[in-house]
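See below for the structure under consideration.
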Protein chains: 2
Amino acid sequence: MEELLNRLPFNKFLTAEEKEILQRSAFVHHYDKGAFIHSSERECLGMLFVISGEIRTYLLSEEGREITLFRLYSDDLCVLSASCVISQISFDTQMTAPKDTDVLIIPADVIAMLKEKNIYVNCFLYELATERFSDVMWAMQQILFKRLDQRLATFLIEESERTGSEMILMTHEQIAQHIGSAREAVARMLKQFANDGLVELKRGTINICDTDGIKNLQ
Amino acid sequence: MEELLNRLPFNKFLTAEEKEILQRSAFVHHYDKGAFIHSSERECLGMLFVISGEIRTYLLSEEGREITLFRLYSDDLCVLSASCVISQISFDTQMTAPKDTDVLIIPADVIAMLKEKNIYVNCFLYELATERFSDVMWAMQQILFKRLDQRLATFLIEESERTGSEMILMTHEQIAQHIGSAREAVARMLKQFANDGLVELKRGTINICDTDGIKNLQ
């Protein structure tokens, strides 16, 4: 547990006493693949630290439509599951585990106490929320405007057909120029493709693993 | 100017020296109705405090489509115009003045200095960004999930409550931008509302005839 708490990015701000409280109250929880982790309406779980696996955060419409906002991986912290502690967060989100996932849970009352007593923790929580804000804006632009995934999928298929190879020897920068996007956006989308098992990324090359999956994105 | 600076919600956190710097560097700027205020790509304007009027913040697609994220009114602070100062904000937004607007501008380098030197200001900026996160999530849910008649009804009721009038002085194009829809779709829906006796349409104005009827649509 101590080793685990040392991995927390805000651990360095804590006093010895606060570290002790954390050590007594935080606990590890395992979620099976497909398990539901959190809904703001139901409960206030607290802060989640992904030890291994993945958390998908999404919006759920009244008709049951889902919109993925972002995904968290190993060593990421989830602040939206502690939204009850942060009055400025007034929206509801849902979270599931798309694969077997181990999570360190810091209960809501403990994170609330740390937030109140320690201004560095307080600041850190809002910084984290602001990072998620950027993640969500990126998702929103994808959904509303860009369909960068379509453009990237089309490019990868065309390039693969053109060269007769599933290895695409290009940098993210070069691809971005081809499809009229930004390097960061292409890098992010390729990472998502890799997480979905569509491609394998190596330095300067993209290996297509699932041609049909990429074609389906177009 | 001193009276104006006293209206800033983070003024209470500042030292005498910091207040003096602010007093020397902040300035008032007038934007005519329709004027463009800010684009993240162009410049880093700094922090904006709305003295009077309105700032509309929106996303702009490559094809020129606009999605309104939120609106700021008198005494609201705009943090996204200082996104260069906050590394966690990695997205671009645009801002315009839908009416004659006076704004207090705190230059980016000054807000950067305050953020670095004063942890309360630092925290405050991220709290503000988190508030805008909630505003954007609300807009996103409206756009992605709600039916157009619901969105239009909500907009008409809110605008009527905000202005204290049943006369809404806006074009269909302006309303479409507000609710993230197309002018044609809004025009059609308003015509349907008019046929149902909910509103009366005249050039450039919408007169609410049946507030309860519109509320029932929400």
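Each chain gets a letter, A, B and so on, in the order the sequences are listed, and its residues count up from 1. Any value given below was found using the heavy atoms of this structure, including those in side chains, with hydrogens, waters and symmetry copies removed. Since we're looking at a predicted model, the values are computed, not measured.
Using a 4.5 Å cut-off between heavy atoms, A:M137 contacts chain B through its side chain alone, with no backbone atom that close. Looking at B:L128, neither its backbone nor its side chain comes within 4.5 Å of chain A, counting heavy atoms on both sides. Contacts between A:L125 and chain B at a heavy-atom distance below 4.5 Å are absent for every atom of the residue.
Donor-acceptor pairing under 3.5 Å is lacking for the side chains of A:Y31 and A:D102. Judged purely by distance below 3.5 Å, without hydrogens or angles, the side chains of A:Y126 and A:K115 pair a donor atom with an acceptor atom. A side-chain N or O of B:N118 and one of B:E18 form a donor-acceptor pair less than 3.5 Å apart.
Between B:T68 and the choices B:R56, B:Q177, B:Q174, the side-chain hydrogen bond (donor to acceptor under 3.5 Å, both in side chains) rule is met once, by B:R56.
Of the listed residues B:E127, B:R132, B:Q141, the one with more heavy-atom pairs under 4.5 angstrom with chain A than any other is B:E127.
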